[in-house]
Amino acid sequence: MSRGQFITLEGIEGAGKSTVASYAAEFLTGQGITVRLTREPGGTPLAERVRRIVLERGTEHVSAVTETLLMFAARALHVDNVIGPALRAGEWVVCDRFTDATRAYQGSGRGVDPMLIDSLARAVHPQLLPDCTLLLDLPVAAGLARARDRAGGAADRFEAEDPSFFERVRAGYLALASREPHRVHVVNAAAPLSEVQRQVAAILARLPRS
């Protein structure tokens, strides 16, 4: 059995990743493909518990390096127990965030050494790289307005960051897309949802089928 395709979605808060991930899964299912829809941090019961630790706004200081290690701890669980088995079974995996998010948020946003992130990536998923990444891009002000409207007064640790943090994250994502244009496809997430879906469908339709 051939390995399934690994598709990831990236972008700042408010970009619409969860909505587009669901659409991507529905589109591929309509093409007769078996799809596993998942997310990071999370995707397994234990990884979801790590997610809560990462996102909660507690009183204890969490350094940028600690945050990075927590992300990779959750990712290791996710790869071992969900993503890897699904791909080996021939399923296509659609994942809301993966290691590119760590490069953008903890690397570009928080200043964590890219060499540390790359080292952790090699340890956690040495043979696994997304086949296709959809980068949902929009201006920071628009994304934060969406995210904060959605969250109300309950913004998580990331949603509560100031705009300059997200400008660095967005710049990190766009630099990654510039370096890997064959894998990372920039989608205009500021467009109406129907146009975003049209862009996504066009990209997914070009992916090789087994």
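Any value given below was found using the heavy atoms of this structure, including those in side chains, with hydrogens, waters and symmetry copies removed.
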Not counting sequence neighbours, list each pair that qualifies as a side-chain hydrogen bond (donor to acceptor under 3.5 Å, both in side chains) and has a residue in residues 14-25.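 Found Ser18-Asp96.
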Hey, is the main chain of [Y] close enough, under 3.5 Å, to the side chain of [X] for a donor-acceptor pair?
X	Y	result
Arg209	Leu207	yes
Thr68	Ala64	yes
Asp131	Phe6	yes
Asp162	Phe165	yes
Ser178	Leu174	no

Of Glu10, Glu67, Glu13, which is the lone residue that meets side-chain hydrogen bond (donor to acceptor under 3.5 Å, both in side chains) with Tyr105?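 Going through the options one by one, the only one that passes is Glu13.
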Taking side-chain hydrogen bond (donor to acceptor under 3.5 Å, both in side chains) as the criterion, tell me which of Arg97, Arg51, Arg75 meets it with Glu40.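 Result: among Arg97, Arg51, Arg75, Arg75 is the only option passing the side-chain hydrogen bond (donor to acceptor under 3.5 Å, both in side chains) with Glu40.
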On a heavy-atom basis, which atom in [X] and which in [Y] lie closest, and how many Å separate them?
X	Y	value
Ala177	Leu135	CB-CD2, 4.1 Å
Gly14	Ala147	N-CB, 4.0 Å
Leu138	Ala190	CB-N, 3.9 Å
Val94	Ala24	CG1-CB, 4.3 Å
Gly42	Ala74	N-CB, 4.5 Å
Ile12	Gly143	CD1-CA, 4.5 Å

If we only count heavy atoms from C-beta on, is the [X] to [Y] side-chain gap below 4.5 Å?
X	Y	result
Val93	Ile7	no
Val186	Leu136	no
Asn188	Glu195	no
Arg157	Leu55	no
Cys132	Ile203	yes
Thr34	Thr29	no
Thr8	Leu134	no

Phe158/Phe166 aromatic ring centres below 6.0 Å: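 No, the ring centres sit 6.0 Å or more apart.
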Answer yes if the ring centres of His125 and Phe98 are under 6.0 angstrom apart, and no otherwise.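 His125 vs Phe98: aromatic centres under 6.0 Å.
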If we count only N and O atoms by modelled type, under 3.5 Å, do the side chains of Thr133 and Arg183 hold a donor and an acceptor together? yes
Checking side-chain contact (heavy atoms from CB on, under 4.5 Å) for the pair Ile117/Asp113: CA distance, chi angles, key distance, verdict? CA-CA 7 Å; Ile117 295 173; Asp113 187 346; over 6 Å; no
Kindly determine whether Glu91 and Ile83 satisfy side-chain contact (heavy atoms from CB on, under 4.5 Å), including the steps that lead there. CA-CA 9 Å; Glu91 297 179 26; Ile83 297 175; over 6 Å; no
To the closest 0.5 Å, what do you measure between OG (Ser63) and CG (Leu69)? 7.5 Å
Starting at CZ of Arg88, measure out to OG of Ser2 and round the result to the nearest 0.5 Å.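 Here the rounded value is 14.0 Å.
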Do Leu144 and Tyr173 belong together in a cluster built from hydrophobic side chains that touch within less than 4.5 Å?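 Shared cluster, yes.
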For Thr99 and Leu128, what are the C-alpha separation, side-chain angles and deciding distance, and is it a side-chain contact (heavy atoms from CB on, under 4.5 Å)? CA-CA 10 Å; Thr99 297; Leu128 181 62; over 6 Å; no
Is Asp156 paired with Arg52 through a side-chain N to carboxylate O contact shorter than 4.0 Å? no
Electrostatic pair Glu48:Arg39 at N-O distance under 4.0 angstrom: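 A salt bridge is present here (some side-chain N lies under 4.0 Å from a carboxylate O).
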Ile53 vs Arg49, side-chain contact (heavy atoms from CB on, under 4.5 Å): CA-CA, chis, key distance, verdict: CA-CA 7 Å; Ile53 294 171; Arg49 289 166 62 185; 5.8 Å; no
